[in-house]
Engineer: 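First the structure, which I've put down as structure tokens, then a few questions once you've had a look.
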2 protein chains.
Amino acid sequence: MKKLNVEEAMKIFYQKCEERGLKITPQRVFIYQELLQATDHPSIDEIYQRVKDSLPNISFDTVYRTAFSLTEMKLVDIVEGHSGSRRFDANTGPHHHFRCLKCHKIIDFDSDYYDKVIIPEELQRKFNIVAKKIMLEGFCEECSQIE
Amino acid sequence: MKKLNVEEAMKIFYQKCEERGLKITPQRVFIYQELLQATDHPSIDEIYQRVKDSLPNISFDTVYRTAFSLTEMKLVDIVEGHSGSRRFDANTGPHHHFRCLKCHKIIDFDSDYYDKVIIPEELQRKFNIVAKKIMLEGFCEECSQIE
DNA sequence: TTACTATATAATAATTATTACTATTTGTCA
DNA sequence: TGACAAATAGTAATAATTATTATATAGTAA
């Protein structure tokens with residue numbers, strides 16, 4: 001993994017905040033720094049617990065809003081739980097998904113090319129892998145137009 | 001998309017239920033059929049609302065348990081919201097994820113090969129795509145041993 | 001520096017989603 | 001048919017997410 005350069009990331013953080021007229025508050029800074037050094041993809045509550053060490057009075061709501069503003073700034077990605085609730089699919093045949101980041105629709109698509117994407121051998125050895133999932137993210141036809 | 005053959009799927013459903021000693025109840029049948037014909041990856045609550053039309057007295061809990069038993073039988077996939085809560089990642093550089101289906105850890109990994117996987121042009125045209133995400137699922141080193 | 005103002009914050013409440021519990025009912029098999 | 005393990009309805013408990021509001025603060029410009 002290319003080691004994340006914290007200084008560089010903070011520089012971009014300050015820039016992006018300025019661009020968007022977001023104030024540089026200690027809460028915002030600590031939350032982003034905590035995320036930068038985390039390697040375990042924490043939940044909002046986990047970030048909240050960790051940031052509390054430095055800022056004991058911080059509220060859950062602040063962490064919540066800040067995490068979302070960071071994703072809007074594209075400084076942070078959501079790796080699990082985009083939309084509200086767990087969703088199911090009875091189509092277990094080979095197919096792939098596109099997720100609309102605005103309306104949260106998940107749309108199926110076929111792709112021979114994606115079907116053929118393999119699982120690297122070193123990972124097969126390391127983990128017991130049972131599935132490969134490719135997800136494309138963006139804006140669907142309707143949501144692209146509105147933007 | 002290869003059209004899902006409902007009859008074929010039901011046959012497999014009955015087989016798998018038998019194998020596992022699961023009773024064929026109307027609730028189970030309706031829930032699976034509802035999922036088979038759905039194309040929108042519904043949540044438990046959405047399935048519940050739909051199945052209610054046929055079985056007005058069905059309880060949310062039944063849908064909940066049944067949806068999970070179907071995933072355990074590998075008749076149904078979870079496409080969103082595997083573990084409890086939303087999770088964040090400040091590493092926005094190129095990398096990929098492995099998810100442990102048992103302990104729900106998400107582990108980063110690098111892969112030049114996956115970095116190079118492209119986005120099919122037809123999809124580029126159809127959607128406004130901003131990200132490609134590859135997720136491998138299985139059991140991590142610790143969880144593989146216990147099994 | 002100081003005063004101003006838009007933004008951010010803490011504290012908490014409301015909503016929504018998930019999971020657990022128990023008494024009753026229902027498939028299944030002998 | 002009758003016995004019994006498994007499943008269900010109804011509901012309660014927990015957990016996660018989102019909204020609200022009064023107060024505080026960062027950034028700006030006199």
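Only this structure's heavy atoms are used, side chains among them; waters, hydrogens and symmetry mates stay out. Letters go in sequence order (proteins before strands), and every chain restarts at 1.
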Engineer: At less than 4.0 Å, is any side-chain N or O atom of B:Ser59 found next to OP1 or OP2 of D:dG10? Yes or no.
Structural biologist: no

Engineer: Using atom CZ of B:Arg86 as one end and atom P of C:dA17 as the other, report the distance to the nearest whole Å.
Structural biologist: 11 Å

Engineer: Run A:Phe98 and B:Phe127 through ring pair (Phe, Tyr, Trp, His ring centres under 6.0 Å) and show every step you take.
Structural biologist: CA-CA 9 Å; A:Phe98 167 80; B:Phe127 303 118; 3.9 Å; yes

Engineer: Do B:Glu137 side-chain atoms and B:Cys100 backbone N/O form a donor-acceptor pair below 3.5 Å?
Structural biologist: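 A pair under 3.5 Å: no.
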
Engineer: Are a donor atom and an acceptor atom from the side chains of A:Asp108 and A:His96 found within less than 3.5 Å of each other?
Structural biologist: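 Per modelled atom types, A:Asp108 and A:His96 side chains form no pair under 3.5 Å.
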
Engineer: So B:Ile58, base contact, sugar-phosphate only, or nothing? Heavy-atom distance under 4.0 Å.
Structural biologist: sugar-phosphate

Engineer: Closest to the A:Thr25 side chain: D:dT8, D:dA7, D:dA26?
Structural biologist: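 The answer is D:dA26, which lies nearest to the side chain.
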
Engineer: Please tell me which of B:Ser83 and B:Glu18 maps to the more 5' nucleotide of DNA chain C, matching each residue to the nucleotide holding its nearest heavy atom.
Structural biologist: B:Ser83

Engineer: Is the phosphate of D:dT17, meaning OP1 or OP2, less than 4.0 Å from a side-chain N or O of A:Tyr64?
Structural biologist: no

Engineer: Using whole Å, what does the distance between atom P of nucleotide D:dA7 and atom CZ of B:Arg20 come to?
Structural biologist: 12 Å

Engineer: Out of the candidates A:Leu75, A:Leu22, A:Asp77, only one should pair with A:Leu70 under the side-chain contact (heavy atoms from CB on, under 4.5 Å) rule; please name it.
Structural biologist: A:Leu75

Engineer: Using whole Å, report how far CD of A:Glu46 lies from P of D:dT17.
Structural biologist: 11 Å

Engineer: Is it the case that D:dA16 (base atoms only) and A:Asp45 (side chain only) share a donor and an acceptor within less than 3.5 Å, ignoring hydrogens and angles?
Structural biologist: no

Engineer: D:dA30 pairs with which nucleotide, Watson-Crick or G-U wobble, both distances below 3.5 Å?
Structural biologist: C:dT1

Engineer: From the options D:dT8, C:dG27, C:dA10, select the nucleotide whose nearest atom is closest to the side chain of B:Lys23.
Structural biologist: C:dG27

Engineer: If you pin A:Ser43 and B:Gly21 to their nearest nucleotides in DNA chain D, which one's is more 5'?
Structural biologist: B:Gly21

Engineer: Send over the distance from B:Phe68 CZ to D:dA6 P, rounded to a whole Å.
Structural biologist: 21 Å

Engineer: Rounding to an integer number of Å, can you tell me how far A:Tyr48 OH sits from C:dT12 P?
Structural biologist: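 Value for this atom pair: 10 Å.
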
Engineer: Do the rings of B:His97 and B:His95 sit parallel, tilted or perpendicular, given the 30° and 60° boundaries?
Structural biologist: perpendicular

Engineer: Let me know the distance between CG of A:Asn57 and P of D:dA24, rounded to the nearest Å.
Structural biologist: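 The distance from CG of A:Asn57 to P of D:dA24 comes to 12 Å, rounded to the nearest Å.
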
Engineer: Roughly how far, to the nearest 0.5 Å, is the CD1 atom of A:Ile47 from the CZ atom of A:Phe30?
Structural biologist: 15.0 Å

Engineer: Please determine, for the side chain of B:Thr62, which listed nucleotide (D:dA7, C:dA10, D:dT8) has the closest atom?
Structural biologist: D:dT8

Engineer: Measure from the side chain of A:Ser85, starting at C-beta and using heavy atoms only, and say which of C:dA17, C:dA10, C:dA8 lies closest.
Structural biologist: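 The nucleotide sitting nearest to the side chain is C:dA17.
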
Engineer: Can you tell me the distance, in whole Å, between the NZ atom of A:Lys52 and the P atom of C:dA11?
Structural biologist: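 Distance, rounded to whole Å: 10 Å.
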
Engineer: Check whether any side-chain N or O of A:Gln27 sits under 4.0 Å from OP1 or OP2 of D:dA26, and answer yes or no.
Structural biologist: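 False: A:Gln27 side-chain N/O out of range (4.0 Å or more) of D:dA26 OP1/OP2.
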
Engineer: Below the 4.0 Å mark, does D:dA7 have OP1 or OP2 next to a side-chain nitrogen or oxygen of B:Arg65?
Structural biologist: no

Engineer: If you check every side-chain atom of A:Asp61, which of D:dT8, C:dA8, C:dA10 has the closest atom?
Structural biologist: C:dA10

Engineer: Could you tell me how far apart A:Ile78 (CD1) and D:dT17 (P) are, to the nearest whole angstrom?
Structural biologist: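 Result: 10 Å.
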
Engineer: Would you indicate which nucleotide in C:dA10, D:dA26, C:dC21 comes nearest to any side-chain atom of A:Pro26?
Structural biologist: D:dA26

